[in-house]
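Positions are given from 1, in the same order as the sequence printed here. Below, each value reflects all heavy atoms present in this structure, side chains not excepted, and no hydrogens, waters or symmetry copies.
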Amino acid sequence: MNDRAALDLLLSQGPLSRTTLGHLTGLSKPTASQLLARLEAANLVRASGTTAGRPGPNAQLYEINGNAAYVAGLDVTPTRIRSAIADLTGKVVGRYELPTPGRSAKGTVERVIKAIEGAAGEAGLNRANLHRVAIGTPGGFDPTTGRLRYATHLPGWHAPHLLDELATAIAVPLEVENDVNLAAVAERQIGHAQESENFVLLWGEEGIGAAIVVNGRLHRGATGGAGEVAFLPLPGTPLVRNVGRNNAGGFQELAGGEPVLALARAHGIKARTPESAITAALATPGAGDAVLSEFAHRLAVGLAAIVAVVDPELIVLAGGVITAGGERLRGLVQDELADLAVPRPRLLMTAIHLDPVLSGALQSALSTTRDEIFDTASSPPIS
């Protein structure tokens, strides 16, 4: 327990001296010294310089040895796969982006391997150096069948044995998770939701999605479909039937990428993407104000339905289209939601601005890897 506490402190607070580590853990100097010797022998801790600029002799500093383990994270969309490698401290040491144009359903496993090896190569590593891989995709894999659901727009990922094929090819522990859920993992680990046990992350880009965290745990649902709020029937749009076949629903038709573009054009704002439409609205008095107000209303309508069921303490707004609106859009959504829902959760824009899905994949893989390595390495041998 002492070893694990020390490792967690070194992760969260950076290089520490033996004296400081002993003070923070409540251990005596001899015990702290023995602890550090064990962790150095296990290759988990290394010396990293000395203190300077303080009275008395300089003290040796210790830090987590990032080279003790590496993990890979992938963010998969229909048009590209982004990958990254992080060491045990969470430092990103390699990145790679693989374009995936066209609609081919073949070669999914090969593309994933190429993306992993591309990031590993940039880091000067290979797949054999990896301890775990985490992949984020749209939709969710049904835990009873292992097949991807809620993402008909992602070709090549619906084969019945795809997860087994990926696990065999990658040859290290693999986890696959909904992309918006991973954005919530990033927010929970290193963002605004670190102190929140119950929160919702609303994602807005071409599609609308949500992640739901209840009592500190992701709520995935019976089929992996919890948070697929694009299919939520809402006032202001015609009722959509055969939603699975059409891959559309009320919230998507109200606040998805295409409706945002149509809203901007209706007010004379021309843009090529939904994100640039919101950016242009911010810079266009009059017409832009109307676009932002209507978009905020549409987001608040969907959020009101979610809040009535989940009652979160916090809502994190994320995704390129929503975050393009910045604090101005956040304030408009907050005000509108206050009129539409009885609970009054806090609304914040995401703190994760550089590929939240990829960040979440790395954080998820790191969390499990640290548990496995720290708990194993710091356990006394059985005699």
Side-chain angles (χ1 to χ4, degrees), residues 66 70-101 111-123 125 130 132-140 151 153-154 157 174-194 199-211 213 218 227 256-257 273-276 278-279 316-326 330 348-369:
Y70 295 93
V71 301
L74 281 75
D75 174 13
V76 177
T77 73
T79 60
R80 52 97 182 130
I81 301 175
R82 285 182 182 153
S83 57
I85 306 291
D87 69 15
L88 192 60
T89 69
K91 178 183 177 181
V92 175
V93 296
R95 292 180 179 272
Y96 186 78
E97 181 164 336
L98 176 68
T100 56
R111 286 191 289 270
V112 168
I113 294 297
K114 184 175 181 180
I116 294 172
E117 291 181 341
E122 186 181 274
L125 305 169
L130 300 178
R132 180 170 289 269
V133 173
I135 301 175
T137 72
H153 62 299
L154 191 65
W157 286 80
L174 169 68
E175 56 188 74
V176 182
E177 181 62 88
N178 170 263
D179 52 2
V180 182
N181 281 351
L182 288 177
V185 168
E187 208 68 46
R188 179 90 163 109
Q189 294 289 336
I190 57 177
H192 288 313
Q194 293 180 63
F199 73 96
V200 169
L201 183 141
L202 182 70
W203 181 271
E205 288 196 343
E206 289 294 336
I208 288 282
V213 175
L218 278 168
T273 67
E275 186 173 336
S276 61
I278 296 300
T279 301
V316 178
L317 301 176
V321 177
I322 294 178
T323 56
R330 185 207 61 79
L348 296 174
M349 281 289 179
T350 178
I352 315 297
H353 299 295
L354 184 61
D355 203 329
V357 176
L358 193 56
S359 295
L362 291 173
Q363 289 297 321
S364 180
L366 280 168
S367 179
T368 303
T369 298

**Message:** Which residues pass the side chain to side chain contact (heavy atoms under 4.5 Å, CB included) test with Q189, not counting sequence neighbours?
**Reply:** V185, Q363
**Item:** Residues forming a side chain to side chain contact (heavy atoms under 4.5 Å, CB included) with A193, sequence neighbours excluded
**Value:**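 Side chain to side chain contact (heavy atoms under 4.5 Å, CB included) check on A193 returns E187, S196, F199, L314.
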Side-chain touch [X]/[Y], heavy atoms, less than 4.5 angstrom:
| X | Y | result |
| --- | --- | --- |
| V71 | L362 | yes |
| D179 | T77 | no |
| V213 | L201 | no |
| V112 | W157 | yes |
| L98 | R111 | yes |

**Message:** Evaluate I116 against L130 for side chain to side chain contact (heavy atoms under 4.5 Å, CB included), listing each step before the verdict.
**Reply:** CA-CA 10 Å; I116 294 172; L130 300 178; 3.7 Å; yes
When rounded to the nearest 0.5 angstrom, what distance separates [atom1] in [X] from [atom2] in [Y]?
| X | Y | atom1 | atom2 | answer |
| --- | --- | --- | --- | --- |
| I352 | I190 | CD1 | CD1 | 4.0 Å |
| W203 | I322 | CH2 | CD1 | 9.5 Å |
| L366 | K91 | CG | NZ | 14.0 Å |
| L317 | L348 | CG | CG | 8.0 Å |
| L218 | N181 | CG | CG | 4.5 Å |
| L182 | T137 | CG | OG1 | 8.5 Å |

Any donor-acceptor N/O pair, [X] side chain to [Y] backbone, under 3.5 Å:
| X | Y | result |
| --- | --- | --- |
| E205 | G320 | yes |
| E122 | R95 | yes |
| T100 | P78 | yes |
| S83 | A115 | yes |

Grab the two heavy atoms, one from [X] and one from [Y], that are nearest each other, plus how far apart they are.
| X | Y | result |
| --- | --- | --- |
| P356 | A186 | O-CB, 3.8 Å |
| A210 | V180 | C-CG1, 3.6 Å |
| A211 | A184 | CB-CB, 3.6 Å |
| P274 | G257 | CG-O, 3.4 Å |
| A324 | T279 | CB-OG1, 3.8 Å |
| N178 | G139 | ND2-O, 2.6 Å |

Using the test salt bridge (Lys or Arg N to Asp or Glu O under 4.0 Å), find all partners of [X] that sit at least two apart in sequence or belong to another chain.
| X | answer |
| --- | --- |
| D87 | none |
| E177 | R220 |
| D75 | R80 |
| R82 | E97, D355 |

